[in-house]
Amino acid sequence: MTTGQLIIVDHAVALLSIATWFAAGVTLALRRTRLALALLVVAVLVTLTRVASVVVLAGRGWWFVQEKVLLGLPMLGAAGLTAVLVAGPRLLAARRSSGEDQPAGGIVIVSLLTAAYAALAGLGVTFLAGYPLRLSTALIAVSLVGAGALLTARVLAPPVGNPDSPLGISRRRFIGLAGGAVVVSTAGTGVGLSFLPAEPVTMGGGPGRSVADLRGAGAPAPGGTVRRHVLAAKKATVRLPSGRDVDAWAFNGEVPGPAITAIQGDLIEVKLRNTDIDDGVTLHWHGYDVPCGEDGAPGVTQDVVAPGQEFGYRFRADQVGTYWYHTHHASHVGVYKGLYGTLVVTPRDAAEQVDLTLPVHTFDGTVVIAGSDEHTVAAGTRVRLRLINTDSDPHRFALAGAPFRVAAVDGRDLHQPGEVSGVGLRLPAGGRYDLVFAMPDRSVALMLDNARGLWLRSGGEPPDQDIASWPELDLLRYGTPAAAPFDADAADRHFTMVLDRGVAMVDGSPAFAQTVNGRGHPSIPDQLVAEGETVRFTVVNRSLETHPWHLHGHSVLILSRDGTPSSGSPLWMDTFDVRPGEVWEVAFRAANPGIWMNHCHNLPHAHQGMMLRLRYEGVTTQFHGSHPGPGMP
Ligand SMILES: [Cu+2]
């Protein structure tokens, strides 16, 4: 069973335990003593099952169970055991005597319902707070369970002077008052603690290098040329291949924006102008390790470019491969609406005769591959298809009709990739794959999400194949191993990022956020590194959604997934999909000084808080404002 499936099973058992404890208490309140006894037995069994499911889940990693082991289960265990001790003997006695009509003592009902409250509070902590467990969360949860117990006792308390009452009125009132005071003060302490700020996030000021000074080269490499572009961001109406018009935001009226291409060593100069995008725009070079001042992170590496303003980017195209550019301000809206384009840098001796760049984007539910018109390709031609996923969700590709190699992932060449056929390729949000093959003497179809995406015509129709059943190619076991450029086991810094949902502050407001270690942007502490260090990330996905993790300015070497080491070609990625329950270990050399965004590339997730900064010691910024900054929709 995958960890993701285990998480779902554990949630289901947790829900069942809440339901059975509640059912036992309510049934007893309705004086169905025999049924209540049966439900008590079931509740105990379900609770024991819950212990088992948490133990199994713990085997997948402490991050998945910490709050359950330290708080949820102890709370439920204590309340459940109390309920068994209080209710068990009385229900058994009632059953032995006259059965159904025996009036039940309020304290028995209270004990059963308190176990239900404890089970509910435990699940609440998992869903609303998650990892890591904080003292404030524990205090709030325990005090809420106590408040529930007291309130229930108050409601069920027999009238004054009733001889059945286990407590005299004055004693009862005293206990109620004292208990209430404890609950209120505990909850108050918890809430107070939860508002304590995280470690201060220091940005800007002080001595050191400013990101504004970390700019690109001024000239191309010898023999290179300067590639100049002006990109004007403006609102536009764009016609989809289907003939439908959609409202878009476009660079130079085109979606995707103008294709930027270069030969290795050229200088790329792009002037960004904002015509009428009220929220502002920037340009981020996704996957390209530009100097930090060119990175396009508003509020960190530059100010956002407001309507009527412009900003110049310049960097040398030393890195070959398939990349893309997009706005990084309110990008969950801007990229979705069309503010993106492709960036392809080829070596001087490029081998392919047909080289197609194929960005995929979804407009209002319609998936479009730009440049996917039909192509006629002679048999024997060497073909390269550059697949780019500009969406926030993964896409599945397959190539029908020709064996092929995945020559590059995220722009970086794989080491001796073998020929494959009959496999599906899952491309993460933001990711790129380069497929290469020799054109056969029949047609080839690139399939996208199990529909035909692109047809390369040679002979007759491509073979009709059941691509939906093709297994997914596992890139961690593809290609040929080669020595790593550093020893990741001797990393200088190790950061763990546990991805989840929970209640957290995002841009100054409480939200049901997408969180990293229980916090939302910009309250997640910076990751501090020094130039030249080897840095290791452990990325844990506790949630039930996929998180395509993207670090700016660096590619990371994939070390392992769920404890299984990467065994194929060294795999360098700038965007890797961490699926529900997965644990990825990656590493990189800190060789590009700056302050870099480090975030989920499901852009709505980033907007909902799943974003932090990797900061080099001694680098400062004079740009202010949280990222993506105020004024966003
Ligand atoms: Cu995400």
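Values below: every heavy atom of this structure, side chains too, minus hydrogens, waters and symmetry copies. Index from 1, following the sequence. Numbering of ligands and ligand atoms starts at 1, following listing order.
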(request) May I have all residue pairs that pass side-chain hydrogen bond (donor to acceptor under 3.5 Å, both in side chains) and include part of residues 54-65, sequence neighbours excluded? (result) T3-R60
(message) Under 6.0 Å between ring centres: does that hold for H605 and H599?
(response) no
(request) Assess the side chains of E545 and N602: does a donor N or O sit below 3.5 Å from an acceptor N or O? (result) no
(request) Could I get the full list of side-chain hydrogen bond (donor to acceptor under 3.5 Å, both in side chains) partners for R384, not counting sequence neighbours? (result) E352, D434
(request) Tally every protein N/O/S atom whose distance to the Cu ion (ligand 1) is less than 2.8 Å; waters are neither shown nor counted. (result) 3
(request) Using the side-chain contact (heavy atoms from CB on, under 4.5 Å) rule, take Q319 and R412 through it: C-alpha gap first, then chi angles, then the decisive distance, then the call. (result) CA-CA 9 Å; Q319 194 178 332; R412 283 87 180 171; 3.1 Å; yes
(message) My understanding is that only residues two or more places apart in sequence, or in another chain, count here; which of them pass side-chain hydrogen bond (donor to acceptor under 3.5 Å, both in side chains) with T496?
(response) none
